[in-house]
Peer 1: 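Handing you this structure, nothing more for now.
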Amino acid sequence: MSNKSIYILGYSGHAYVILDSLAKLNVEVLGYFDFEPCNTFDNFYDLEYKGNEKLVDLNFIDDSSYVFPSIGDNGIREKLIQFIEENELTQTSIIDPKAIVSDKAIIESSVYIAPGAIINSLALIKKGSIINSGATVEHECVIGEFSHIAPNSVLTGNVIIGKNTLVGANATIVPGVKVGNNVIVGAGSVVTKDIPDNSKWVGNSLRM
């Protein structure tokens, strides 16, 4: 990302990791939007509260600043990105300096790539997805919109992940597997075959 300033939508948990990345990138954070201001003692990054984004006039935000959804939940993040797009606010993706991303990978808008993540050649990370700390996305993988690849999970070559899907921490998906939309892959699972939409994979077994 360029040296533009940024506003974040949501200020807890996942946002703290994003804010650490922004500090390393020397990006100025102008404030946060949320339902209500956080407790003074929880404002670890000393950010200015800008109000509930749905209730305030956003005309003060111009093209010189980005707006980024800093929520880990896939469904909420999707709604925030829809809000950003409807209000024609400027999107960006955030790649932590300690991540390794191939020049041949494609990273779409409002994506966050955390420290230690590896994105290899010809991978496609679609809009609004999270590649979390230490996760590996190998060559030619496709990560669908608003999905979350959790810490230390491994997607081997040519894996396809659908929309709004969560791959849990330390999960492994073997080469060529297709995972559907709205799927949950449990933490530590090993996925050896395709997973249909709207299902859950835990351990080595599929649950509908």
Side-chain angles (χ1 to χ4, degrees), residues 1 5-25 27-54 65-85 89-101 107-119 125-137 143-155 161 163-171 182-188:
M1 63 187 302
S5 54
I6 196 167
Y7 296 92
I8 61 170
L9 300 179
Y11 185 27
S12 63
H14 180 63
Y16 304 150
V17 184
I18 290 172
L19 289 165
D20 275 355
S21 295
L22 291 171
K24 292 180 225 173
L25 292 164
V27 175
E28 181 183 11
V29 182
L30 298 177
Y32 71 98
F33 294 89
D34 214 326
F35 291 122
E36 57 186 24
C38 68
N39 186 297
T40 301
F41 297 105
D42 293 332
N43 190 0
F44 303 113
Y45 293 83
D46 195 26
L47 300 184
E48 181 179 352
Y49 179 58
K50 295 296 184 178
N52 182 331
E53 67 275 5
K54 295 182 179 179
S65 297
Y66 297 117
V67 177
F68 193 83
S70 57
I71 296 291
D73 180 274
N74 290 342
I76 297 174
R77 194 167 63 259
E78 178 179 5
K79 291 178 181 178
L80 290 177
I81 292 171
Q82 289 173 347
F83 176 85
I84 291 169
E85 293 174 342
L89 302 172
T90 305
Q91 297 185 67
T92 189
S93 287
I94 299 172
I95 301 174
D96 189 276
K98 292 187 177 180
I100 300 172
V101 179
I107 311 297
E108 293 188 349
S109 59
S110 292
V111 167
Y112 176 61
I113 300 177
I118 300 173
I119 314 293
I125 315 299
K126 292 188 177 181
K127 177 173 67 175
S129 287
I130 298 169
I131 311 301
N132 221 321
S133 306
T136 298
V137 178
I143 310 300
E145 294 179 348
F146 318 116
S147 287
H148 185 168
I149 310 304
N152 295 315
S153 52
V154 177
L155 278 57
I161 303 294
K163 180 179 177 180
N164 286 313
T165 285
L166 171 64
V167 177
N170 292 297
N182 306 306
V183 169
I184 296 175
V185 175

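Basis for what follows: all heavy atoms, side chains included, without hydrogens, waters or symmetry-related copies.
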Peer 1: So, using side-chain contact (heavy atoms from CB on, under 4.5 Å) as the criterion, who are the partners of Ile71 when residues are at least two apart?
Peer 2: Asp73, Ile76, Leu80
Peer 1: Calculate, to the nearest 0.5 Å, the distance between atoms OG and CG belonging to Ser153 and Leu166 respectively.
Peer 2: 9.0 Å
Peer 1: Please name all residues satisfying side-chain hydrogen bond (donor to acceptor under 3.5 Å, both in side chains) with Tyr49, sequence neighbours left out, ordered by chain then number.
Peer 2: none
Peer 1: Would you check if the side chain of Ser70 reaches a backbone N or O of Gly10 as a donor-acceptor pair within less than 3.5 Å?
Peer 2: yes
Peer 1: Please list, chain by chain and in numerical order, all residues satisfying salt bridge (Lys or Arg N to Asp or Glu O under 4.0 Å) with Glu78, sequence neighbours excluded.
Peer 2: Lys163
Peer 1: Measure the shortest side-chain to side-chain distance between Pro97 and Leu25 over non-hydrogen atoms and say whether it is less than 4.5 angstrom.
Peer 2: yes
Peer 1: Check the pair Ile107, Ile113 against side-chain contact (heavy atoms from CB on, under 4.5 Å), reporting the backbone distance first and the verdict last.
Peer 2: CA-CA 9 Å; Ile107 311 297; Ile113 300 177; 3.7 Å; yes
Peer 1: Could you walk me through whether Asn132 and Tyr112 pass the side chain to side chain donor-acceptor pair (under 3.5 Å) test, one step at a time?
Peer 2: CA-CA 8 Å; Asn132 221 321; Tyr112 176 61; over 6 Å; no
Peer 1: When you compare the side chain of Tyr45 with that of Asp20, does any pair of heavy atoms fall below 4.5 Å?
Peer 2: yes
Peer 1: Heavy-atom count around Lys50 NZ within 6.0 Å, excluding the residue itself: above 12?
Peer 2: yes
Peer 1: Measuring from atom CD1 of Ile149 to atom CG of Leu155, what distance do you get when rounded to the nearest 0.5 angstrom?
Peer 2: 5.0 Å
Peer 1: Looking at Ala150 and Ala169, what are the two nearest heavy atoms and their distance?
Peer 2: CB-N, 3.4 Å
Peer 1: Less than 4.5 Å apart, any side-chain heavy atom of Ile161 and any of Val167?
Peer 2: yes
Peer 1: Apply salt bridge (Lys or Arg N to Asp or Glu O under 4.0 Å) to Glu108 and list each qualifying residue two or more places apart in sequence or on a separate chain.
Peer 2: none
Peer 1: Angle between ring planes, His148 versus His14, binned at 30° and 60°: parallel, tilted or perpendicular?
Peer 2: tilted
Peer 1: List in chain and number order the residues that pass salt bridge (Lys or Arg N to Asp or Glu O under 4.0 Å) with Lys24, two or more places apart in sequence or in another chain; answer none if no residue qualifies.
Peer 2: Asp96
Peer 1: Using the test side-chain contact (heavy atoms from CB on, under 4.5 Å), find all partners of Ile100 that sit at least two apart in sequence or belong to another chain.
Peer 2: Ile118
Peer 1: Not counting sequence neighbours, which residues clear side-chain hydrogen bond (donor to acceptor under 3.5 Å, both in side chains) with Asn152? List them please.
Peer 2: none
Peer 1: If you define the side chain from C-beta out and look only at heavy atoms, does anything of Ile18 sit under 4.5 Å from Phe68?
Peer 2: yes
Peer 1: If we only count heavy atoms from C-beta on, is the Val29 to Leu47 side-chain gap below 4.5 Å?
Peer 2: yes
Peer 1: With sequence neighbours left out, what residues match Lys127 under salt bridge (Lys or Arg N to Asp or Glu O under 4.0 Å)?
Peer 2: Glu85
Peer 1: Does Thr92 reach the side chain of Ile6, with side-chain heavy atoms less than 4.5 Å apart?
Peer 2: yes
Peer 1: Report yes if the side chains of Ile81 and Gln91 come closer than 4.5 Å at any heavy-atom pair, otherwise no.
Peer 2: yes
Peer 1: Output all residues satisfying side-chain hydrogen bond (donor to acceptor under 3.5 Å, both in side chains) with Asn43, sequence neighbours left out; order by chain, then residue number.
Peer 2: Tyr11
Peer 1: Which distance, rounded to the nearest 0.5 Å, do you find between the CG of Asn74 and the CG of Asn182?
Peer 2: 9.0 Å
Peer 1: Kindly say whether Cys38 contributes a backbone atom to a donor-acceptor pair with the side chain of Tyr32 at under 3.5 angstrom?
Peer 2: yes
Peer 1: Can you list everything that forms a side-chain contact (heavy atoms from CB on, under 4.5 Å) with Leu30? Sequence neighbours excluded, please.
Peer 2: Ser5, Tyr7, Glu28, Ser65
Peer 1: If you apply the rule side-chain contact (heavy atoms from CB on, under 4.5 Å), what do you find for Phe83 with Val67, and how did you get there?
Peer 2: CA-CA 10 Å; Phe83 176 85; Val67 177; over 6 Å; no
Peer 1: Per the salt bridge (Lys or Arg N to Asp or Glu O under 4.0 Å) rule, what does the pair list look like for residues 33-45, sequence neighbours excluded?
Peer 2: none
Peer 1: List for me each residue that meets side-chain hydrogen bond (donor to acceptor under 3.5 Å, both in side chains) alongside Thr165, sequence neighbours excluded, and say none if there are none.
Peer 2: none
Peer 1: Is Arg77 reaching over with its side chain to a backbone N or O of Ser147, donor-acceptor style, under 3.5 angstrom?
Peer 2: yes
Peer 1: To the nearest 0.5 Å, what is the distance between CD1 (Ile131) and CD1 (Ile95)?
Peer 2: 10.5 Å
Peer 1: Hey, is the main chain of Tyr66 close enough, under 3.5 Å, to the side chain of Thr90 for a donor-acceptor pair?
Peer 2: no
Peer 1: Quick check for you: to the nearest 0.5 Å, what is the distance between Ile119 atom CD1 and Thr136 atom OG1?
Peer 2: 8.0 Å
Peer 1: What distance separates Ser110 OG from Glu145 CD, expressed to the nearest 0.5 Å?
Peer 2: 10.5 Å
